[in-house]
Amino acid sequence: MGRIKKKGTAGQAKNFITRTQAVRKLQISLPDFRKLCIWKGIYPREPRSKKKASKSSSASTTFYYTKDIQYLLHEPLLQKFREQKTLEKKISKALGRGDAHDASRLERNASRPEKTGRTKYTLDHVIRERYPTFTDALRDLDDCLSMLFLFANLPSTDTVPAKMIARCERLCLEFEHYLIMSNSLRKSFLSIKGIYYQATIQGQDILWLVPYRFNQRVTGDVDFRIMGTFVEFYQTLLGFVNFRLYTSVGLVYPPKFDKNRDDQGAELGAFSLEGNGVGAIEQPKQITNGENSKPDPKLQAEIDKLMSQLNQPEKEAEHEPQTSQTLVEGDEEEQPTDTIDKFEPAAPGGDILLQPSYSATDPSTLFSNFTFFLSRETPRQPLEFILKAFGCKRIGWDAVLGDGAYTHNELDPSITHQVVDRPPIQVDPEAAEQIEDNQTAQKLTPGSRVPGRIYIQPQWIWDSVNDEELKRPDLYGPGAQLPPHLSPFVKKVRGQYDPSAPLNEQEREDEELEADSDMEEDISGDDDMAVQQPKLLTAIEVDATAEGMDIAGSEDDESEDADVVDNEDDDFGGFSDGFSDAEDEDEDETADSALQRQRELEAELTGVALEEKVANPKADAKKKAAKRAKEEDEELERAKMMMSRKKRKILEKMVYSNKKKDGEAEVLRAKRRKIEKSGKGAPRA
Amino acid sequence: MAPSAIDRKRKSVPAEHNETLESDVESEAEFGDGLLEGILSQSESEGSDEESNAEEDSDEEELELDALEALDSDEIPSEDSGSESEEPVGGLVKSNGTKTAVVALREKPLPDEEEDKPNYTITTDANGGERYVYEEIDPVYDSDDSDAPITTNTIGDIPLSFYDSYPHIGYDINGKKIMRPAKGEALDALLDSIDIPKGWTGLTDPATGKPLNLSQDELEILRRIQTNEMPEGGYDPYPATVEYFTGIEEIMPLSAAPEPKRRFLPSKHEAKRVMKIVRAIREGRIMPYRPPGERQEEEEETHYDIWQDEVPRPDHIMNIPAPKIAPPGYDLSYNPPPEYLPTKAEKQAWETADPEDREKEYLPTSYGSLRKVPGYEKFINERFERSLDLYLAPRVRKNRLNIDPASLLPKLPRPEELKPFPTVCSTLFRGHEGRVRSLAIDPSGVWLASGGDDGTVRVWELLTGRQIWSAKIGDDEGVNVVRWRPGRDAVILSAAAGEDVYLLVPPIVDPETDAASRELLDKGFGHATNATQALTANGARKEPVAKWTRPGSRLEDEGVLIKITLRTTVKVISWHRRGDFFSTVSPTAQKSAVAIHTLSKHLTQIPFRRLPGIAQTVQFHPSRPLFFVATQRTIRSYDLQKQELVKIIQPGARWISSFDIHPGGDNLIVGSYDRRLLWHDLDLSTRPYKTMRFHQKAIRAVKYHKGGFPLFADASDDGSLQIFHGKVVSDMMENAQIVPVKVLKGHRVKSNLGVLDIDWHPREPWCVSAGADGTCRLWC
């Protein structure tokens with residue numbers, strides 16, 4: 001017999017350690033432990049069996065992985081924490097002695113990041129450990145960016161020093177500069193919380209949220225020490241990420257920062273990028289089809305027209321997707337290109353591989369030909385960023401919006417688009433004339449527009465960016481009711497509601513019918529519980545007493561059914577059970593026909609001609625659907641009986657959640673149907 | 001000591017000054033510390049007895065010194081020297097608070113000049129007598145409040161600019177206008193012509209409106225204050241120490257000890273410390289001087305490519321990356337499609353709900369245009385929650401089954417493929433009063449026998465439901481069980497009512513079979529008498545376990561031929577396949593619960609002396625000489641030839657109600673009162689292969705189809721029968737396939753009893769059921 005194993009020496013008991021034990025093992029205070037956990041990315045675990053993992057009788061709540069804590073034991077930051085602690089002790093001792101001078105001297109040595117925004121230690125090694133590769137860092141950048149953008153917009157308080165805010169702002173602006181430079185911003189979304197941006201850097205999708213420029217409401221239940229710890233780490237991370245990104249496109253990091261311009265509100269304009277001389281600043285090109293990088297769409301259209309007039313077949317060949325065959329055949333496309341070729345299956349039967357998507361337009365050229373002017377009431381910072389990120393080079397704005405504009409003159413003739421966000425003012429023409437008399441020609445009257453430029457609301461830019469094409473500007477004119485702004489991040493899932501698709505495409509076949517009947521019921525004020533049966537049931541009762549027919553009710557009323565059976569004599573031949581589906585349907589039909597006959601008899605008695613019974617296709621469809629549903633239900637029930645309890649639980653959970661989702665989608669569809677019927681609602685783009 | 005000095009002063013002050021001076025002194029007492037000593041000496045110096053004053057002064061000085069030492073104050077020591085040198089402006093220098101007061105004091109029409117005159121004039125009154133007319137006494141209203149400056153201008157605390165348009169700048173205490181001092185261009189021109197007097201500042205005294213002149217000394221003081229020096233000139237911050245003990249040898253020394261050597265040698269320890277600092281300065285560790293503020297600017301974080309030599313780390317199974325925040329949906333848009341906007345009811349529900357109970361933390365809102373979008377209130381809170389989640393929330397890897405739930409369902413053959421099985425009730429057998437306890441279809445499949453609580457045994461024609469024959473065998477007890485003897489050679493029905501087991505030959509068959517049956521029953525009478533009874537210990541003949549007798553002529557006429565009387569109520573009869581043996585179970589009996597009867601010998605044996613539990617039911621194995629006995633919890637199989645226990649089957653049910661053996665002999669179904677139906681594969685394990693719990697109430701009976709169809713059925717107290725397809729494959733490696741095919745409902749539940757017994761047709765896929773509602777039903 002082997003040695004008896006001691007309890008608590010292996011497995012879960014050894015793999016997990018409670019928080020108290022961890023803190024005691026590291027010999028640090030709880031706030032320091034918290035800091036370490038945040039920086040090192042150590043998080044609690046959920047052991048499979050809490051009982052086995054905890055050694056004490058009382059239930060522990062937080063467990064850490066023991067290896068994580070052991071790994072913390074060798075952390076250089078621990079030593080820093082201890083040094084800080086002894087220093088604090090010295091300071092308090094000096095203060096206790098009343099030795100203010102000594103205390104202040106020691107105080108100067110102490111790092112007070114919450115006051116100065118600087119620390120005595122660096123977190124470089126932590127960054128390196130947590131993100132062994134640059135891709136890892138990019139993958140984790142979501143929270144970092146959201147947090148730093150929030151802090152860049154916070155008011156400075158004693159817990160959030162102004163230096164920290166300034167640094168966050170600088171880092172964020174530097175990152176934005178990189179995005180503009182590399183055209184890696186992909187999507188953006190105006191939500192009620194703020195503006196979401198999505199960029200794709202080295203194949204990693206990064207999504208972050210920037211609040212609107214309002215004073216943030218700070219409530220008491222937010223602990224800024226915890227947030228500050230995160231911010232400290234994220235600042236270091238974004239600094240290194242920015243460095244890497246800048247150097248990767250041949251720029252010097254940090255870029256030159258002009259304090260004067262920043263004071264004048266130039267924001268993005270306060271930075272001036274310069275190449276590092278190692279390599280020419282090359283803009284990373286997007287994967288394009290070659291055709292898309294053409295300078296002017298209008299010019300291209302004309303050339304196309306000419307070409308089509310000259311030789312029809314040649315043009316077709318050119319516009320075909322470049323398959324390998326066309327490459328071989330085409331004379332003028334011999335030279336190798338760096339674009340990706342499209343693979344199409346030559347023979348059926350092979351697997352289909354995913355290929356990089358061809359974006360319809362190059363994001364760097366979407367707005368490149370336009371000059372924008374931002375009106376006073378529009379948010380300048382997000383507009384400037386998104387326009388620049390999508391290739392716009394010339395953005396002017398009103399002088400009150402700050403420095404750094406291409407032009408402050410609203411009447412600049414080069415402006416092609418003006419972003420306005422104010423209701424149109426109906427100006428009395430006479431009054432307008434008067435005003436014009438009074439004013440110099442430089443100023444524009446409130447209601448008037450400059451001819452030859454497109455006036456749009458800000459949403460036009462966002463919708464154009466998300467759809468990668470310029471939207472119709474007339475839908476977005478000043479004061480127009482805007483089409484709904486849709487999130488570009490929602491993935492289209494079959495069965496889920498999609499507001500951009502027409503309603504009849506995504507409905508179930510019988511949904512409209514149901515909805516209609518519901519509506520009818522609503523009108524008649526019926527209870528919708530027993531939709532199919534109530535009238536028939538009464539008919540059955542009548543018939544059973546009158547003619548002694550062999551009928552059974554529906555499945556719903558068994559007791560009644562049994563009573564009917566009992567009341568019958570020993571009339572075996574005509575007996576039917578009422579539990580087989582096929583028969584059940586017959587039952588309904590017999591009842592129906594019985595009802596019909598009863599009506600006929602009554603009509604004969606009274607001498608009134610019976611109107612022809614109108615075949616109701618809706619009712620038929622409904623009946624059929626009900627029958628099918630019932631069959632499916634029974635089948636499902638049978639199959640469920642044979643599953644193990646565990647599997648059945650899983651199945652039930654899945655069915656529940658699916659049903660919930662379907663229900664939500666159905667509610668949305670119903671709402672939309674109602675809206676469409678009533679005929680109001682904004683036009684859909 | 002200061003008060004005593006003041007007392008002294010008081011004595012020396014002339015009586016006439018008493019009022020004014022005393023008030024001053026008192027106010028000084030308030031200031032304490034003798035700040036205003038100079039003033040007193042000044043005013044006194046103007047007095048008549050100067051010499052004595054001078055003496056007093058010197059005296060004061062001495063005393064003052066003591067006081068100062070005691071008070072240990074910085075400012076005072078300079079006073080003595082200052083008071084002499086700065087006599088003219090002494091008042092100004094001393095203290096700001098009392099400056100004006102002193103000035104006022106000096107500017108007063110001094111009473112000193114008039115002090116020799118009497119303060120009254122003598123006139124004659126109306127009567128011609130002398131009348132002293134006293135001068136008005138100056139009350140000195142401000143005597144109590146020396147803090148407040150003596151107001152010469154009574155306009156109060158309003159700016160002088162209010163009087164800009166008037167020639168005067170206010171009123172004095174007597175209501176006379178105070179005229180504006182000369183000002184303006186003429187004056188300017190004059191001023192320009194003459195050079196600026198010494199001490200001219202260009203400032204205006206706010207109280208008087210006159211130009212404020214500062215003397216050279218005052219300017220000097222201002223300079224010293226600006227340069228952070230002591231305002232008093234000539235103050236030595238580091239005076240030479242006053243040695244208490246001097247190097248002069250005392251005549252009477254305090255200590256006789258000789259002077260120690262260390263007094264004369266330079267300290268090594270100090271030298272060490274100094275050298276340490278010197279070295280540090282030389283090495284540059286200590287900067288001799290660094291202005292404050294430079295410290296903060298110095299550090300600028302350095303950036304470098306931290307991922308220069310990046311090596312991807314293989315993912316560890318315990319590393320769970322934080323989940324990303326879900327991307328925003330359509331309803332989060334500032335201008336969502338109108339169907340995402342909540343209705344009034346939804347909105348209200350959201351608002352009334354507790355913040356924790358809300359499904360979404362926001363309410364979809366349409367703002368119409370971007371300028372109307374407000375800031376999001378909970379932005380910081382949500383960010384904070386996320387931070388907390390990142391470091392505080394336990395992470396678990398959860399496998400989300402992202403599959404179609406239909407794929408989880410087992411692939412069952414369609415019921416149509418499993419046909420035939422009973423689906424409808426085709427025949428109803430009515431006639432029993434009270435419950436039908438038991439029923440059985442005869443081996444030929446033509447008749448159905450049933451027995452009920454009314455004590456009758458009835459035989460029905462199966463297909464038509466017509467009752468052919470009935471006999472009342474139980475007088476007051478119901479018939480608990482009816483079973484046909486297997487085999488086609490004879491038609492014998494066994495029935496149990498109370499303690500008696502009856503063997504019947506119903507008159508329903510052709511005479512030959514009838515005769516054969518009767519002969520088969522009567523054959524054993526001789527055996528029974530010949531058999532030797534076992535002897536008990538005391539030699540007496542043991543009472544037989546059962547008595548085989550004729551039931552009496554009335555019953556004999558009806559076809560009941562043999563009556564076997566046992567000791568307790570018989571609940572179960574089970575026939576051996578050959579038809580010579582049958583076994584009965586009477587659960588209430590202690591030892592003789594299970595009895596095996598031999599038909600050919602009219603013999604009854606008790607095979608078990610003791611049973612571990614209450615026997616419930618028994619079965620003979622369909623092909624081998626095995627005998628199964630079910631107690632409450634277990635089923636035991638015994639080999640009848642070797643007379644030993646073969647196997648104990650443990651279905652895990654609390655109370656077994658019935659069981660049946662598959663005609664193949666290797667499988668077993670068990671029904672239990674705790675609603676379970678268990679399938680045992682005898683080769684596989686003693687534990688059930690499948691447990692099925694589809695009934696709401698107890699299962700009363702289970703039965704395999706014995707005629708070649710892979711069917712079995714159970715009957716339950718919930719009034720339903722469930723038909724299963726249970727295919728047993730001859731291949732050892734494959735398990736039985738069990739598929740539920742049909743639930744048959746029709747029997748009514750009466751006093752919590754539903755279907756009490758069930759039997760299959762020997763050849764067809766039909767089954768019959770006995771209900772507590774007094775009917776039997778044929779399902780096909």
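Chain letters run A, B, ... following the sequence lines, proteins first and then strands; every chain starts at 1.
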Decide yes or no on side chain to side chain contact (heavy atoms under 4.5 Å, CB included) for A/Asn242 and B/His303, but give the supporting numbers first. CA-CA 9 Å; A/Asn242 277 349; B/His303 288 294; over 6 Å; no
Short side-chain to backbone donor-acceptor contact, A/Lys193 and B/Lys378, under 3.5 Å: no
Give the C-alpha distance, both sets of side-chain angles, the deciding distance and a yes or no for side chain to side chain contact (heavy atoms under 4.5 Å, CB included) between B/Glu359 and A/Glu664. CA-CA 12 Å; B/Glu359 209 156 283; A/Glu664 278 166 12; 3.8 Å; yes
Aromatic rings A/Phe240 and B/Tyr304: how do their planes relate, parallel, tilted or perpendicular, breaks at 30° and 60°? perpendicular
Contact class of A/Asn153 relative to chain B, heavy atoms under 4.5 angstrom: neither
A/Arg217: partners by side-chain contact (heavy atoms from CB on, under 4.5 Å), with sequence neighbours left out: A/Thr219, B/Glu377
Can you tell me if A/Thr133 uses its side chain to pair, donor with acceptor, with the backbone of B/Pro312 under 3.5 Å? no
The residue among A/Asp136, A/Thr135, A/Ile127 that forms side-chain contact (heavy atoms from CB on, under 4.5 Å) with B/Trp307 is A/Ile127
Salt bridge present between B/Lys324 and A/Asp143 (N-O < 4.0 angstrom): no
Would you say the side chain of A/Ile226 lies within less than 4.5 Å of the side chain of B/Leu388, judging by non-hydrogen atoms? yes
Under 4.5 Å from any heavy atom of chain A, what part of B/Leu363 do you find: side chain, backbone, both or neither? backbone
With only heavy atoms counted, which part of A/Asp142 is less than 4.5 Å from chain B, the side chain, the backbone, both or neither? side chain
For the pair A/Arg422 (side chain) and B/Arg371 (backbone), establish whether a donor and an acceptor sit closer than 3.5 Å, ignoring hydrogens and angles. no
